[in-house]
2 protein chains.
Amino acid sequence: MPGKKVSEKTIRRLSHYARCLRKAGADGTGVVTSKYLSERCGISSAAVRKDLAAFGEFGKQGSGYEVSDLLENIDRILGTCEPPQVIVIGAGNIGSALLESGLEGTGGYSYSAIFDKNPEIIGRTIAGVTVQPVDKLGEVVGEQGNYIAILTVPPGEGQRAVNGLVSMGCRAILSFVLEPLDVPDGVVLRYVELSTELDLLSHSMRS
Amino acid sequence: MPGKKVSEKTIRRLSHYARCLRKAGADGTGVVTSKYLSERCGISSAAVRKDLAAFGEFGKQGSGYEVSDLLENIDRILGTCEPPQVIVIGAGNIGSALLESGLEGTGGYSYSAIFDKNPEIIGRTIAGVTVQPVDKLGEVVGEQGNYIAILTVPPGEGQRAVNGLVSMGCRAILSFVLEPLDVPDGVVLRYVELSTELDLLSHSMRS
DNA sequence: GCGTGTGAACCTCTTCACAGCG
DNA sequence: CGCTGTGAAGAGGTTCACACGC
């Protein structure tokens, strides 16, 4: 389904709806309204309806949205019906901690591999996953590129790691590295910038 | 300086400018233009000028912005001229990894304490910082509330931890916990949601 | 009556283009 | 002449309010 022109903000909210729906489903709730979702996600109910209506007519007027049905649709939109594999590049502090923390509570993701270039670390097992050398990347994930790489390499090694990933066909990267990285068109790159989050909090404290 | 009505987006970009300026300063660059910042931060030069002009006239027409001068001003806006302390609540995988990774490359932040409720963990030293019991929070940080708390407690314990922090005067929280949390007015709460980032990447891969 | 889906109004943020200063 | 600062135009997203279907 190409050519959808929905904003990142909408997708971000869909992710929240999905999380909320999984919880509702686990609690035995069968049907929810836009107001239900709006209160739990901190969004106006009109926004919830707009977001959902952008992809089809999922609701039943007068009652609301069937939880399992809506969740299935959102999963299809996000691609989490068959979630991509998640691999970690860099088995340092953060990389190891991510694997040990797991991905419970997410849309079905799980870590399938972790890589490092340090010979002392290669071969260790972290949360049941063996650390592999980075040049084994191709063998492990294949070339279909249907996976997400989380980047947790040391400062200064980000771009080199990205280049390696891209050359192996990777198309989605989440970087914890505090450096601006370049990727070619067709590869999506996002950042988790602790530094910026702290700046935002620091600023808001003096307002 | 109260009552400034600037958007979160602007503040987020200021954080990027600051990082870019620190690097420029370290490289010996004395003056930069809005185009310089725009290229390195992936923003239009007009946006850069608008962002900066919102707080005063920092630039010199015909030449640009003096690096040290501009950085000083941004630091003052963000509050990073005297950065608040950063404490970590929860000495599990992520909390420990954050301390061990440190805060190099940020606007001068550093971790000043880490807390946990598990007696087996209390007393250990992580990156030179001793894990304290959570009820020692008041003694350690005082009651002025001028610090940022990073929340890395296990799922299900988020709200309890937040309540404790708030009751001790904490006014800024960055949560790694995948739960919606409630805070009273006057307390700022932000999330790092790995799950949502993965959803965004997953979605963009199928477009 | 209740709640969705949706055009219209509203608001915010971005981009454009240029005046003005060094 | 170069680059900042800024009104004006444009784009995008949110809220409002109501028609329609259950």
Side-chain angles (χ1 to χ4, degrees), chain A residues 3-17 20-21 24 29-74 77 196 200 203-204 207, chain B residues 3-17 20-21 24 29-74 77 196 200 203-204 207:
Chain A
K4 293 275 184 189
K5 46 179 174 180
V6 277
S7 69
E8 177 185 315
K9 289 191 164 188
T10 292
I11 302 298
R12 166 166 267 125
R13 287 191 296 256
L14 288 184
S15 173
H16 291 156
Y17 304 153
C20 186
L21 289 167
T29 306
V31 176
V32 297
T33 66
S34 60
K35 192 155 176 287
Y36 176 100
L37 289 171
S38 83
E39 286 167 357
R40 281 165 181 72
C41 299
I43 305 166
S44 77
S45 60
V48 173
R49 293 198 297 276
K50 268 258 159 71
D51 286 338
L52 298 178
F55 295 94
E57 306 202 354
F58 301 143
K60 289 172 180 49
Q61 294 179 335
S63 57
Y65 304 87
E66 202 182 322
V67 170
S68 62
D69 187 42
L70 181 55
L71 186 50
E72 204 171 295
N73 277 296
I74 294 180
I77 295 163
T196 297
L200 283 159
H203 169 77
S204 65
S207 301
Chain B
K4 292 274 183 188
K5 45 179 175 181
V6 278
S7 69
E8 177 184 314
K9 289 190 165 191
T10 293
I11 302 299
R12 166 165 266 125
R13 286 191 296 258
L14 287 184
S15 173
H16 291 157
Y17 304 154
C20 186
L21 288 167
T29 306
V31 176
V32 297
T33 66
S34 60
K35 193 155 176 285
Y36 177 99
L37 289 171
S38 83
E39 286 167 356
R40 280 165 181 72
C41 300
I43 306 165
S44 77
S45 62
V48 173
R49 293 197 297 276
K50 268 261 158 71
D51 286 339
L52 299 178
F55 295 94
E57 306 202 353
F58 301 144
K60 288 172 181 48
Q61 294 178 335
S63 58
Y65 303 87
E66 201 183 324
V67 170
S68 62
D69 187 43
L70 180 55
L71 185 52
E72 204 171 294
N73 276 295
I74 294 180
I77 295 163
T196 297
L200 283 160
H203 169 77
S204 65
S207 300

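Just so it is clear, the structure is predicted and the values come from calculations on it, not from any experiment.
A:R40 CZ to A:H16 NE2: the interatomic distance, rounded to the nearest 0.5 Å, is 15.0 Å. Between atom CG of residue A:L14 and atom CG of residue A:N73 there is a gap of 10.5 Å, rounded to the nearest 0.5 Å.
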### Message
As a quick check of understanding, evaluate side-chain contact (heavy atoms from CB on, under 4.5 Å) for A:T10 and A:I77, giving each step before the final call.
### Response
CA-CA 11 Å; A:T10 292; A:I77 295 163; over 6 Å; no

### Intermediate values then yes/no, side chain to side chain donor-acceptor pair (under 3.5 Å), B:S204 and B:S207
CA-CA 5 Å; B:S204 65; B:S207 300; over 6 Å; no

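What separates CG of A:L70 from P of C:dT4 is a distance of 11 Å, to the nearest Å. When the C1' atom of C:dC2 is taken as reference, atom OH of A:Y36 falls 18 Å away, rounded to whole Å. Taking atom CZ on A:F55 and atom P on C:dT6, their separation rounds to 14 Å, with Å as the unit. Taking atom CZ of A:F58 as the reference point, atom C1' of C:dT6 lies 16 Å away to the nearest angstrom. Between the P atom of C:dC13 and the CD atom of A:E8 lies a distance of 16 Å, rounded to the nearest Å. A straight line from NZ of A:K35 to P of C:dG5 spans 17 Å, rounded to a whole angstrom.
In this structure the side chain of A:F58 never reaches within 4.5 angstrom of the side chain of A:I74, judged on heavy atoms.
Note on A:S7: only backbone sugar-phosphate atoms sit closer than 4.0 angstrom, heavy atoms only; bases stay farther off.
Using modelled atom types, one finds a donor on one side chain and an acceptor on the other under 3.5 Å when comparing B:S15 with A:T196.
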Show each protein N/O and nucleotides 16-20 of chain C N/O combination with a separation under 3.5 Å, one pair to a line.
from   : atom 1 : to    : atom 2 : distance (Å)
C:dA17 : N6     : B:R49 : NH2    : 3.3

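The heavy-atom pair separating A:S38 from A:S44 by the smallest distance is CB-C, 3.7 Å.
For residues 55-65 of chain A, there are no side chain to side chain donor-acceptor pair (under 3.5 Å) pairs, not counting sequence neighbours.
Each of A:D51, A:L52, A:V48, A:I43 was evaluated against A:S34; a single residue qualifies, A:V48, per the side-chain contact (heavy atoms from CB on, under 4.5 Å) test.
If you walk DNA chain D from 5' to 3' and mark each nucleotide with an atom closer than 4.0 Å to a heavy atom of chain B, the marks span D:dG2 to D:dA8.
Of the two residues contacting DNA chain C, namely B:T10 and A:G59, the nearest-nucleotide position lying further toward the 5' end is that of A:G59.
The side chain of A:Y65 contributes an N or O atom lying less than 4.0 Å from OP1 or OP2 of C:dG5.
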